[in-house]
Amino acid sequence: MTIGTGGFNPRIRQRARAADATTPAIRCIDRLAIFGGSPLLSSPTPAAFLPDIESYLGLLDQIFEHRRLTNDGALVQRLEDRLGRHHRKRHCVALANAGLGFMMLLQLLAGGRRGEVIMPALADPGLPHFIDWAGQTPRFCDVDKDTHALDPQSVAAAIGERTIAILAVCGSLGPGDITGLCRVAAARHIPVVCDATAAFATTGGDRDPAKACLAAIFSLDATTLLNGFEGGYVATDDDGVAAALRWQRNFCLPLPGPGERPPPYPVLGLNAKLNELHAAMALLSLDRLGERLAAEALCCEAYRRMCSRLPGWGVASGSRGGWAPCAAVATVRAPWPLSRDQTVALLRAEEVAVSPYRSPALHLAPGRSGSVSGSALPVAESLAGDLLQLPGADAISPAAIATLGEYLASVAAHGAAIAARLAARGIA
Amino acid sequence: MKTAAELAAFGGAPAFAEPVHVAQLNLPDREQVRRCFRDIFQRRRFTGNGPLVDTLEQAFAERVGVAHAVCVANGTVGLMILARALGLDGEVVVPAFTFAATAQAVSWAGLTPILCDVAGDTHMITAATVRPALTQSTTAILGVHAWGRACEPEALQALAAERGLCLFYDACHAIGCTHRGRPIGGFGRAEVFSFHATKIVNGAEGGCITTGDADLAARLRTMRSCTGAAAEPVAWRLNGGMSEAQAALALVSLQELPRNIAANRQRYEAYRAGLGDVPGLALVGYDAIEANNFEYVVVEIDETRTGLNRDLLFRLLAAENVICRGHFYPGIHRLAPYAGSVSTRAGSFPQTDRLCARVLQLPSGQPVSCAAVGRICDLIRGILAHSEEISARFAAAERGGRLIAHESGYSWYDSDI
């Protein structure tokens with residue numbers, strides 16, 4: 001299919017593929033990568049924000065010299081100390097990954113009971129699984145349309161006799177009204193824990209928006225702001241919770257010595273120790289966090305400019321209230337001519353690393369069991385069809401985002417034809 | 001050989017200036033590891049089942065002689081997801097004489113571990129010890145290859161078949177070991193190995209599930225991650241993948257496995273030469289026709305013949321900076337949440353109790369030279385030669401608060417660092 005006058009601007013691809021001078025001007029949608037053309041972003045992005053390899057190898061040498069690769073090693077202790085100071089929390093308990101942290105914390109809070117954990121239907125797909133492993137059942141609530149976080153009033157209505165905890169989620173727009181949520185929970189003596197794996201608290205102490213939560217769980221996964229290969233940690237001011245988690249992460253061993261008492265929670269042990277190889281990486285990533293956050297802010301501004309020029313696009317992420325999101329997220333709705341999923345297919349073919357964000361809503365996920373608060377969760381269901389995760393500053397530059405914006409403007413101009421052709425391929 | 005008065009517990013200088021531990025702590029070739037890390041940084045692929053994990057899985061499957069190897073964050077996570085992936089529901093028979101994680105993994109999987117005593121000679125469950133634990137609710141038997149020796153694969157498989165049960169194994173001790181010439185890793189529905197730093201293949205942390213069942217392997221691969229499409233429909237998933245850092249270390253370590261087994265064997269033989277004829281002290285033996293990794297140097301101490309018990313020997317050695325381990329201590333039936341629960345309905349576990357009071361793991365692994373083994377043997381022989389005097393002296397010193405607390409800071413469990 002040939003695009004008429006004013007078709008795809010050839011400069012877009014030429015800019016994106018500056019190294020490839022032979023790229024012909026794109027005059028028809030056949031030249032879109034999904035229909036057989038060359039991808040828009042074909043050259044790898046420079047390795048930004050990675051710890052310097054020589055610094056990492058220096059720590060590796062230290063690990064070898066101490067012959068201590070795990071079991072609460074020196075680097076894990078140093079990492080816990082630095083994170084505690086950053087968050088201004090009494091304790092940061094480092095773990096093999098955040099998922100095990102959720103499982104441990106919820107098992108600990110259940111105190112041997114089987115009950116429900118209230119959580120938003122718009123959240124990371126792993127969360128209901130972690131609740132399952134903790135022997136509990138998720139109870140899904142709708143979210144606020146502006147903050148995408150739990151609405152305190154809907155949570156108040158969902159709390160029942162079986163509620164053992166509330167799992168607040170700090171998404172790409174921050175934690176929402178978490179103070180109000182904690183107030184509602186406190187009135188019913190229900191603990192609140194915060195999933196902060198998709199964000200990073202840039203402030204701590206009294207300015208920490210989640211300070212009223214019993215604990216917050218952060219990720220050290222390579223895809224987050226703090227790359228520790230794998231890993232996670234629980235930040236808390238509660239001495240008993242911290243002691244229990246430290247004991248639990250090492251198989252509930254060693255047994256308390258004479259005159260010592262076990263932590264005041266009936267916990268089930270497992271292996272959730274962070275190893276030294278991962279702690280080394282996380283420490284070096286922490287050194288570059290300020291630089292990374294500044295770059296993410298620049299990308300966010302670039303996305304804001306891009307979205308403002310695209311019909312139906314809006315930015316759904318950004319630093320606010322002391323939280324910086326790990327992911328850049330946009331909403332994609334009518335009058336944008338393509339569905340969110342068509343847009344994902346189109347951009348992935350162009351080698352732009354996008355994905356549906358928090359989709360589907362968790363109560364609608366195939367095979368998922370759990371209860372739903374209310375007859376439907378319309379806000380979560382609607383957002384789950386609209387949200388699109390965009391590349392972060394480690395994978396795209398503000399200049400490339402501008403190029404992407406021009407490309408998408410060209411898509412908009414020929415949207416109906418592209419949408420029809422994608423639909424014909426079964427991409428709805 | 002030290003006299004009683006020269007022992008560190010009574011004020012003498014410790015035999016070793018620095019602690020000597022039981023753990024393997026085999027450090028792979030540093031230059032190779034450094035090269036692997038340079039490649040990881042170049043690729044910018046740090047986790048999410050990357051190329052090194054893929055290579056490790058292929059290499060380990062080949063080593064074990066199975067079709068599928070699925071790497072995971074650690075052995076406990078491996079047991080947890082395997083128990084779920086097998087579709088079990090109800091009770092799983094587990095030895096009382098094992099590391100806590102064996103039973104804990106079953107509990108995390110929403111199943112009920114039912115503890116079963118072990119045979120006094122092999123330290124493992126047998127078809128005969130398992131049979132009384134079986135009920136209508138039993139769904140599986142989880143065997144443990146203690147010290148790398150096979151846990152009755154044929155007899156347990158026959159029992160499982162007879163009762164329609166699933167059989168799977170905790171093989172965390174058993175990398176490089178065989179049963180009737182077949183590598184451990186291919187018995188039961190699946191087996192779980194550990195790449196913990198204290199094991200013979202060192203991935204810092206890490207584990208691997210081996211199986212010949214392609215469908216099961218596909219479910220395990222889905223379950224170890226919360227992201228990505230499900231190759232097989234599964235209800236429970238978790239963050240259980242192995243990072244490229246772990247895989248890099250484990251891959252280099254796996255290449256060095258034959259060399260490390262040979263070195264372990266030399267240490268084991270040195271222990272056998274040094275302690276083989278000590279009355280009341282029985283070194284756990286390995287079948288000469290089977291391969292073993294000699295990761296564990298384990299002795300049983302018969303107090304009635306040695307004149308002092310295992311706990312006292314542990315404390316005396318710890319004061320000398322020889323940090324042993326009361327492997328496994330206590331039995332699972334004495335640990336929360338299992339003590340007094342349905343898991344201990346058998347009531348008593350006499351062989352487990354006996355072993356928990358008598359077994360001591362002695363230091364081995366890369367940091368321990370054969371000369372050091374000789375010195376440890378001399379220490380033990382000296383202590384046992386004067387056991388009566390030492391016991392009396394120790395009791396008096398303890399009563400008078402005059403013990404030198406060299407061993408403080410070391411417990412039964414953290415001594416393998």
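This structure is a prediction, so every number in the text was calculated from the model and none was measured. Chain naming here is simple, since letters A, B, ... match the order of the sequence lines and numbering starts at 1 in each.
- Looking at heavy atoms from C-beta onward, A:Trp133 lies in side-chain contact with B:Ile81 at the 4.5 angstrom threshold.
- For B:Met242, no part sits under 4.5 Å from any heavy atom of chain A, backbone or side chain.
- Between atom CZ of residue A:Arg67 and atom CG of residue B:Leu25 there is a gap of 6.5 Å, rounded to the nearest 0.5 Å.
- To the nearest 0.5 Å, atom CD of residue B:Glu205 and atom NE2 of residue A:His278 are 9.5 Å apart.
- In this structure, the side chains of A:Ile53 and B:Ile40 stay at 4.5 Å or more apart for every pair of heavy atoms.
- Heavy-atom distances place the side chain of A:Leu277, and not its backbone, under 4.5 Å from chain B.
- For A:Glu276, no part sits under 4.5 Å from any heavy atom of chain B, backbone or side chain.
- Highest contact tally toward chain A, considering only B:Ala245, B:Ala101, B:Pro337, B:Ala73, is held by B:Ala245 [criterion: heavy-atom pairs under 4.5 Å].
- Of the atoms belonging to A:Leu60, it is side-chain heavy atoms, and not backbone ones, that fall under 4.5 Å from chain B.
- Most heavy-atom pairs under 4.5 Å with chain A: of the set B:Ala204, B:Cys226, B:Ala197, B:Gly206, this distinction falls to B:Ala204.
- For the atom pair A:Arg68 CZ and B:His21 NE2, the distance stands at 7.5 Å (nearest 0.5 Å).
- Ring pair A:Tyr56/B:Phe41 is tilted by interplanar angle, where 30° to 60° counts as tilted.
- Counting heavy-atom pairs under 4.5 Å between each of B:Ser225, B:Ala100, B:Ser107, B:Ala103 and chain A puts B:Ser107 at the top.
- If you measure heavy-atom distances from A:Met281 to chain B, the contacts under 4.5 Å come from the side chain alone.
- Contact annotation for A:Asp221: only side-chain heavy atoms (C-beta onward) come within less than 4.5 Å of a heavy atom of chain B.
- Using a distance-only test at 3.5 Å, with no hydrogens or angles considered, no donor-acceptor pair links the side chain of A:Glu230 to the main chain of B:Gly241.
- Neither the backbone nor the side chain of B:Ala336 comes within contact range of chain A; no heavy atom of the residue lies under 4.5 Å from a heavy atom of that chain.
- Taken to the nearest 0.5 Å, the CG atom of A:Leu50 stands 5.5 Å off from the CZ atom of B:Arg44.
- Looking at B:Leu79, there are no atoms closer than 4.5 Å to chain A (heavy atoms on both sides), in backbone or side chain.
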Open item on the list: Test side-chain contact (heavy atoms from CB on, under 4.5 Å) on B:Phe46 and A:Thr223; report intermediate values, then the result.
Closed with: CA-CA 9 Å; B:Phe46 301 100; A:Thr223 59; over 6 Å; no

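- Contacts of B:Arg84 with chain A are made by side-chain atoms alone, with heavy-atom separations under 4.5 Å and no backbone atom involved.
- With rounding to the nearest 0.5 angstrom, the CG atom of B:Leu27 is 12.0 Å from the NE2 atom of A:His66.
- Although no hydrogens or angles enter the test, the distance criterion places no donor-acceptor pair under 3.5 Å between the side chain of A:Asn271 and the main chain of B:Thr76.
- Using a 4.0 Å cut-off between charged side-chain N and carboxylate O, B:Arg237 and A:Asp132 make no salt bridge.
- If you take CH2 on B:Trp236 and CD1 on A:Ile131, they are separated by 12.0 Å, rounding to the nearest 0.5 Å.
- Residues B:Trp108 and A:Leu100 fail the side-chain proximity criterion, which asks for heavy atoms closer than 4.5 Å.
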